[in-house]
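Report on the structure given below.
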Protein chains: 2
Amino acid sequence: MEHALFDPETAKDRLLAAAARLFRQKGFAKTTVRDLAAEVGLQSGSLFHHVRSKDDILFAILERVITGMTRDLAAALAAAPDLRSRMRALIAVELTYLHGPAADATAVLFHDWRALPEDRQAQLLRGRDAYFEMWSAVLTEARAEGLTRVEPMILRQFLHGALAWTSFWYQPAGEVTLDKLIDDALVMILR
Amino acid sequence: MEHALFDPETAKDRLLAAAARLFRQKGFAKTTVRDLAAEVGLQSGSLFHHVRSKDDILFAILERVITGMTRDLAAALAAAPDLRSRMRALIAVELTYLHGPAADATAVLFHDWRALPEDRQAQLLRGRDAYFEMWSAVLTEARAEGLTRVEPMILRQFLHGALAWTSFWYQPAGEVTLDKLIDDALVMILR
DNA sequence: GAGGCAACCAAGCGCTTGCTTGGGTGAACC
DNA sequence: GGTTCACCCAAGCAAGCGCTTGGTTGCCTC
C-alpha cells in the first residue's frame, strides 16, 4: 500500500530524502545548500549537477508526497467495504504519511509549502484537487447517511487541520499507537 | 473583552502591527527589514532605534498574542455559566483572535514561531502553559460529564490544530459567520 | 536660548546566501 | 585506446541580508 517516496539507490533521491529531513528540522529558509551538501557528503556547488535550484528540491519533495498520497488514498478507498471504513481511510492515509516513512516529506508539505514562489504553489494546489475531491465525496455521503453533523467542506478543513497538527506533538514511539490515534480522530467526528 | 494588541498612537506599536501584517503575508524569512521600513515610511536603519533586532520584532508580536489570549480566555471562562459555555469559550477566544483585529499577529504565532532561536521559543512555550492548562481543565471536566468521548490531551491537540488551520481557508467576509464556525467546531467534538 | 535627547537619514560594512565556473577523474562505449 | 559523458571538486562571484555608524533635525525643559 505504501511505497517509499525516495529510492536510496539513486543519488538524487538520497539528496531529496536528506533535504526533507533537514527542511523539517530547521525549516526551508534556515537550511542552506551548504547544509544539504554536507549531509550527503558533497561540495555545495556539486548539488547543482543534480538539481537546478534550491526551490527545485523543495518542489520535487512536495510533488512526490502529493502524488503518493493521492494514489494511496484512491487505493484505500477502493478497498474499503463500507462508508465507515472509507472515513477511516481518509484519516489513516494522512496520519500514516505524517508519521510513517514519509513523515519528513509530509511535514514539509504541510508546514513549508508557502516557501515556494507563487506560481509553483498554484501548480501544487492543482495537484491536490483530486485528493481533496475524494475527501469531499466521502464526507458528503457520511452526512447524508447521518454519520456526521457538520457540513462536509467545513468538516474537511477542521479534520485536515487536526491531523496536520499532529506532526507537532504526536510521537509514534510513545504510548499512543497510530491505530488509536486514527480511531480517536474518527470518534471525534462521528455523531 | 478583546483589547487591541497594538496601540496606533505609539511608533513602536505601529511598527509591530505592520510587521505582523507582512510576516503573515510573506512569512518571517521572506520579509526583509527594508520591507518593514518601507511599510512604516522609514529608512531601514532607523528601525533599530526602536528595536534591537529583527528577531526582537517577531518575539514582541508573539508575546503580546500569548498574554492577550491567556487574559481573554481566563475572563471568558470566569463569565461562562456552565460547562458547555466554557467549552464554547475555548473555541470562541481562539477563533476570535485568529480572525478578528489580532488576526495577523495570531496567524504569525501559529505558523512562524519556529523562526525564532530555540531559547526564545522555550520562553514563549513557558508563557503558553497557563493557557493550555485552562484547556485541559475544561476538557477533562467535559469528558467526566460525558460531553465528549476522546481523551482530553488528544482532543485538545486535535481541536487546537483544527482551529489553527482555519487561518488558511476561512474568510470572515464570506458566507459563513464566525459564530457558525464556532458552533460547528463545538458540534464536532460533542458526542 | 542653551542643553539634552528622541527620532530619523545617508551611507555602507561585513557576512551569508544561492549559484557559476573551469577543470579533473574514472567508467562506459565503439 | 581514444572519446564521451556523468559526476564531482575548488574557488569564488554577485546580490541581498541584518545591522552599525556618524551626523542632522526639531521639540522639550529650565
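Numbers restart at 1 for each chain; the letters A, B, ... are given by sequence-line order, proteins then strands.
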### Message
Tell me whether A:M153 at atom CE has more than 12 heavy atoms from other residues, nucleotides or ligands lying less than 6.0 Å away.
### Response
no
### Task
Starting at atom CD of B:Q43, determine the distance to atom P of C:dA11, rounded to an integer number of angstrom.
9 Å
### Query
Between C:dC8 atom C1' and B:L15 atom CG, what is the distance in whole Å?
14 Å
### Task
Classify the ring geometry between B:F168 and B:W165 as parallel (under 30°), tilted (30 to 60°) or perpendicular (over 60°).
perpendicular
### Message
Does C:dC9 have OP1 or OP2 under 4.0 Å away from a side-chain N or O of B:S46?
### Response
yes
### Message
Please check this pair: side chain of A:K54 against backbone of A:T31, looking for a donor-acceptor N/O pair closer than 3.5 Å.
### Response
yes
### Task
Give the intermediate values and the outcome of side-chain contact (heavy atoms from CB on, under 4.5 Å) for residues B:R88 and B:D183.
CA-CA 8 Å; B:R88 197 178 193 281; B:D183 284 330; 3.1 Å; yes
### Query
For A:K30 and D:dC17, what is the distance between atoms NZ and C1' respectively, to the nearest whole Å?
15 Å
### Message
Using whole Å, what does the distance between atom C1' of nucleotide C:dT16 and atom NZ of A:K54 come to?
### Response
12 Å
#### Entry: Check: B:S44 side chain, D:dC19 base, donor-acceptor under 3.5 Å
yes
### Message
Whether A:H50 contacts D:dA6 is assessed here as follows: a side-chain N or O lying under 4.0 Å from the phosphate OP1 or OP2. Is that the case?
### Response
no
### Task
Write down the atom of A:E39, the atom of A:R21, and the distance for their closest heavy-atom approach.
OE2-NH2, 3.0 Å
### Position toward the 5' end of DNA chain C (nearest nucleotide), A:D35 or B:L42
B:L42
### Message
Tell me the interatomic distance from A:D55, atom CG, to C:dG18, atom P, rounded to whole angstroms.
### Response
10 Å
### Summary
A:L58 atom CG is separated from C:dG18 atom P, nearest whole Å, by 13 Å
### Task
Could you state the atom-to-atom distance from CZ of A:F48 to P of D:dG12 in whole Å?
19 Å
### Task
Look at B:H49 and C:dA7 and indicate whether a side-chain polar atom (N or O) is within less than 4.0 Å of OP1 or OP2.
yes
### Query
For the side chain of B:R34 and the base of D:dG18, is some donor closer than 3.5 Å to an acceptor across the two?
yes
### Query
How many Å lie between CG on A:L47 and C1' on D:dC9, as a whole number?
12 Å
